Protein chains: 2
Amino acid sequence: VVDRAVTRIVTPGTLTEDELLDTEDNNFVAALASEGEEHGLALLDVSTGDFYATAVDADAALRDEISRFDPEEAILGPDASGDPFPANCMVTPHDERTFEFDAAAERVAAYFGDPDSLLASDVEVRACGALLAYAEYTRGGRYTELHPDAAAESDADAEDEGDDADAGASSGDGAADDSAVGSLDYINTLTRYDPREYMVLDRVAIRSLELFERRSVHDQAGDALIDVLDETSCAMGSRELKDWLRRPLIDREEIEARHDAVEELVGSLQRRETASDLLRDVYDVERLIARVARGRANARDLRSLKDTLDVVPELRAELSGVECDRLVDLRERLDEMADVRELIGSAIQADPPIEVTEGGVIREGYSDELDDLRETERSGKQWIDELEAEERERTGVDSLKVGHNSVHGYYIEVTNPNLDAVPEDYQRRQTLKNSERFYTPELKEREDEIISAEQRADDLEYELFREVRSSVADEAERVQALAGTLAELDALVSLATVAAQHDYSRPQLGGDGIDVETGRHPVVERTEERFVPNDADLGPAEDFAVITGPNMSGKSTYMRQVALIVVLAQLGSFVPAERAELRLVDRVFTRVGASDDIASGKSTFMVEMTELAEILDAATERSLVLLDEVGRGTSTADGLAIAQAVTEYVHDEVGATTLFATHHHDLTEIADDLDRVANLHFAARRDGDDVTFDHELSRGPATASYGVEVAKMAGVPDAVVERARTLLDEDADASAAPSDADAA
Amino acid sequence: VVDRAVTRIVTPGTLTEDELLDTEDNNFVAALASEGEEHGLALLDVSTGDFYATAVDADAALRDEISRFDPEEAILGPDASGDPFPANCMVTPHDERTFEFDAAAERVAAYFGDPDSLLASDVEVRACGALLAYAEYTRGGRYTELHPDAAAESDADAEDEGDDADAGASSGDGAADDSAVGSLDYINTLTRYDPREYMVLDRVAIRSLELFERRSVHDQAGDALIDVLDETSCAMGSRELKDWLRRPLIDREEIEARHDAVEELVGSLQRRETASDLLRDVYDVERLIARVARGRANARDLRSLKDTLDVVPELRAELSGVECDRLVDLRERLDEMADVRELIGSAIQADPPIEVTEGGVIREGYSDELDDLRETERSGKQWIDELEAEERERTGVDSLKVGHNSVHGYYIEVTNPNLDAVPEDYQRRQTLKNSERFYTPELKEREDEIISAEQRADDLEYELFREVRSSVADEAERVQALAGTLAELDALVSLATVAAQHDYSRPQLGGDGIDVETGRHPVVERTEERFVPNDADLGPAEDFAVITGPNMSGKSTYMRQVALIVVLAQLGSFVPAERAELRLVDRVFTRVGASDDIASGKSTFMVEMTELAEILDAATERSLVLLDEVGRGTSTADGLAIAQAVTEYVHDEVGATTLFATHHHDLTEIADDLDRVANLHFAARRDGDDVTFDHELSRGPATASYGVEVAKMAGVPDAVVERARTLLDEDADASAAPSDADAA
């Protein structure tokens, strides 16, 4: 009989099968509770148990926090809007009662203890409680009504000796244990964070700096920052590193603790490489233990956990001589969990099948009762193996055969010419064209015995497996702590590997500006054959740079390079430069390019202005602002007027450290009037038809833009290029007047 | 014992589980074979069996064809490059020998018959053969070595009476039949098409016209053309309509056959609505039959097929009075397949479980042998049910209980105080704290009998289910034909529904230009409260329009509107206009916006020029070209010179019908010199601080651009806006000289 209770509901945010997930990314489901402008946001990766909560008091800040985590799915409280969630995030309808404060608080308490000591506001409590309820719902098809403990009790019952209730083995592969319905054991820790503890990177900045994904043109693939930064050995380390990149730090002490660890690992090639190799043998135990706790792990998962635990003592040994606080602390936190290792090693077969209900899972010697049943099965089959010879002798029919098929079971087959020799006790089972098949009462009895023993042994193995899995689940918290330690170690080793291989240097923090010597763009330097490094010197005396130069000379790359060096430094990495002295930045803003948004009626220019308005509103003197071609999508005169007004406003009112790239060469004149504005430019040389860019940054404004030469390089027909040149020359001749500096 | 042969390999392009696929989209895997500039491209949707092949002789055309289908995954022949595939397409390494001509030709022949009569070139044969091999590989873990027929033979064996081989039931839910390894029965038809039979829509055009996806800013969701066009009732119809949109037609007769059908359906509200309602009850039998043929369908799938077949007679009846050729033909092709319906109805339970190996699948009365086994099981259980009363009477112990648990089986439980009353034939099974559990030899025998009968009945049901599934699989071709008919009908009904609900009109084909009266943008008109329609009149006398006007006045929307009306007409739809007389267009080109491509070293401007060069190279006088702001990413003088040279070139050399939106107001002067160029503009009015756009197109050039007003609307701080206005006024005063027309 098939049990048809819903055991699990699959939604984009609650997928947990490794095959369906990109293991190196988190897969978050979000819950949002709002009261006016106050928003509580909770995020859970059900595949790992990572649980975050925060509160923000403005819509813009809410969008920023959502874009850090990029959730796949969201549920909304009664007053919350789905607008802040990106289009690729599915908003799922969910029982709004789970967002009520009392219910939510009780549920939070059941998982984590007193909500008041963990969370800062009611909206956070409401979001967390509702998210826990939703996670229970998707896992069990229902959520327990306010008393998650009830499930734990029924779990205990099931393991009691009086387990009379369930008739027949539980069905199917990977079906959750009944015991798993109710509270989710793998969710043990809640990370409540304050957005103000981290550098703010909004969605626009994350995208335009290409931290996680390359903004592509023509959909061609390419590397993002994470691709060149991620030399981690295991999936947990890769996710940890992404979390660091998503939330760079602003606390100097914490950043320098990471820098110390990276520095020590950079100094020890052998330790770094050995640790990296060992970490390669580590399974994704963070997700694995979540499956164990949910009763969805199979026997292979348990063996993988053991294989991972086998690595831990070696890792500890490798870290025996470390000196800096962070690495010492990591070493001390590496728990090899000998008890769990021993249990799995003694109970579970070395190379078990995926299916856990059909035997082959439990080692011989682990259970006497199981060994007895298997012995019954074996001896029964041996008896049948010997039957053919015995019956041939008894009947004198040499062609007599004993066989088996799945539908009719065991039989004795006698060909038609020999049917006279069939003894009295043979009973007919099946008639074929050339033969008859029989059974004897004794064969039938043996057969029933074998099937019954086999069936019972399979059931017992499943029962024993569930016991072992449940014992391991009891240690979920320790496994999760170990997973976190391994992830952090892996991320630090990765940062050190990148720093050593690509000649990064340790940034000095606490300066009063952004002072970089021979900085490089960490992604572009890997793809270009010859990359030209450039300095940056944006101190209190000159914190606003207007950058001019022809297309493709390197303006955009340079601006991003400066921002990426700041981001790398604050996430704990070394930086691609010979020397960097950096002030701590609270937020990076970018206004770089845009695509049209036609159906909503917003033009390119409107989008550009909207982003600009957000920057002017939110930037502080501790921010870094990149402006690329502000004022492009409108007429020349309007664009220039806006660019100049913005420059003055940022300089006089905001005081943020700013890089402003522009084709409005008229704007370079503003440096004379504003004392902290400097002109920088990238130059180019024309050799006959060709243009050469040297990608070197110099002081002063640029002199020419070479647009027609770029058109020629792009493959625009010669006739068009020649005609454009003629028109340009005529124009230059006609207007000897200096009113249009661009034509110079 | 668990069978561990690989039964299936899951890759992005070969997923077939409905839950994991968006059912309304195809999911293509591509194979590419190249010889120099000649490319053979094959595409397969493994979930439906849709199989396409084509050949192109230029890299650009290859990209265009790939972007039509947007495959999830690709395999490459030895000389083929992965470059033309978009970043979201996974290129999978695959055995290159499968691309060898002889092997490929043999495999194509085994599926479809003589390759020479089906395919036009060797590269197509090689791509098709390799793709078939890959589909076999992902389904079976291996591909049959050149002789797919071998698999069919072993299939026949398995259903033979002498099926002695397989001991024990086949494992697990949804595992493929062994018989399914080898050739793929559901791939029956190969659609070889010539790209020249369809309007070309390259990736840039598909994206910028927002046919399938909205180009979003800030990731906000919104409608694409397909969202407003798709009123289909079933997933098959939705996929069909997308295919039409992906490949609009250029053959007038074929287009008008669709227009005729749409017109007739528009005229009959009741027929349209009834057909639409009936089609809502249709399952996705195209994918379903593919699962049946691959031996991956479960009993519910078969019932769903029957439910769909139940609808067909009603649909035929509803179409009884239709008149136009296309609808008559569709009605005649609706095959209700009474034989298949009858078989499934008699064999399969009405609401079967998902699991097919654990019973509950086959109806009572379908197999005597099965009914006997179930009777044995039932009577055995009844005997045990009666045992408790009997044993209580025999022993005199009123508290005696008969029970069952999954590990120890049936038992008789006696509490400790009553152990003296236990008869001689009781044998001890288990000791609990307060009681002992026993069995009797008779109970043991009955128990073995029940387990054995139950096990055998389950196996027999699975066997019978496989027979039924296999019989249905033999009719795969008929089901696929029916699926295609239902899909086409659904798409036509959907077009008629949209046309009727949104007041579209039938376009007249065969004119000598694009002549539209009160045309609307099909997407924008749905989201704006008040949409202002505009005419278009681009005939032989004036086929080049220069369009000016402020930001947000409607230039981009208008240009796309004209292109969308052309695309709609040629895919067979009515169009959002009061009247449209259209020439047939061979290709739509767009050069609209762009994002930066930093890491590859291409600037925005370079991308813009590259796209422009492609248009100037490929456009013909039968093309429609949209140019938005060409020459924006460089200095004003360079940009204007390029824009003018391009305009002259398109006008003099290419002769394509062209719409060119620009902020270079100087460009409007060119209309005086070129006889087929017209100036059009969108105007705006300033009322104090506000700007009002009336979105109405007029002849002549625009006079102002209102960039600063847009900045204000976008939320740029007042201080910045006021300062920009002051700067503009000063500029206007200073240069009373007419050199900068923008400032006017």
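Here the structure is a predicted model, which is why all the values come from computation and not from measurement. Each chain gets a letter, A, B and so on, in the order its sequence line appears, and its residues count up from 1.
- For the atom pair A/Ile451 CD1 and B/Asp448 CG, the distance stands at 9.0 Å (nearest 0.5 Å).
- With rounding to the nearest 0.5 angstrom, the OG atom of B/Ser452 is 10.5 Å from the CD atom of A/Gln455.
- Heavy atoms only, all atoms of each residue included: B/Ala714 and A/Ala613 are closest at O-CB, 3.6 Å.
- If you take NZ on B/Lys444 and CD on A/Glu449, they are separated by 5.5 Å, rounding to the nearest 0.5 Å.
- Rounded to the nearest 0.5 Å, atoms CZ (A/Arg723) and CD1 (B/Ile642) are 13.5 Å apart.
- Using a 4.0 Å cut-off between charged side-chain N and carboxylate O, B/Glu447 and A/Arg456 make a salt bridge.
- Annotation: the span from A/Glu445 atom CD to B/Glu445 atom CD amounts to 6.0 Å, rounded to 0.5 Å.
- Interface residue A/Ala719: only side-chain heavy atoms are found under 4.5 Å from chain B.
- Only the side chain of A/Glu369 comes within contact range of chain B, with heavy atoms under 4.5 Å apart.
- Using a 4.5 Å cut-off between heavy atoms, B/Glu648 touches chain A through its side chain atoms alone.
- The nearest pair of heavy atoms linking B/Ala641 to A/Leu727 is O-CD1, 3.6 Å.
- In this structure, CD on B/Glu463 lies 8.5 Å from CG on A/Asn405, to the nearest 0.5 angstrom.
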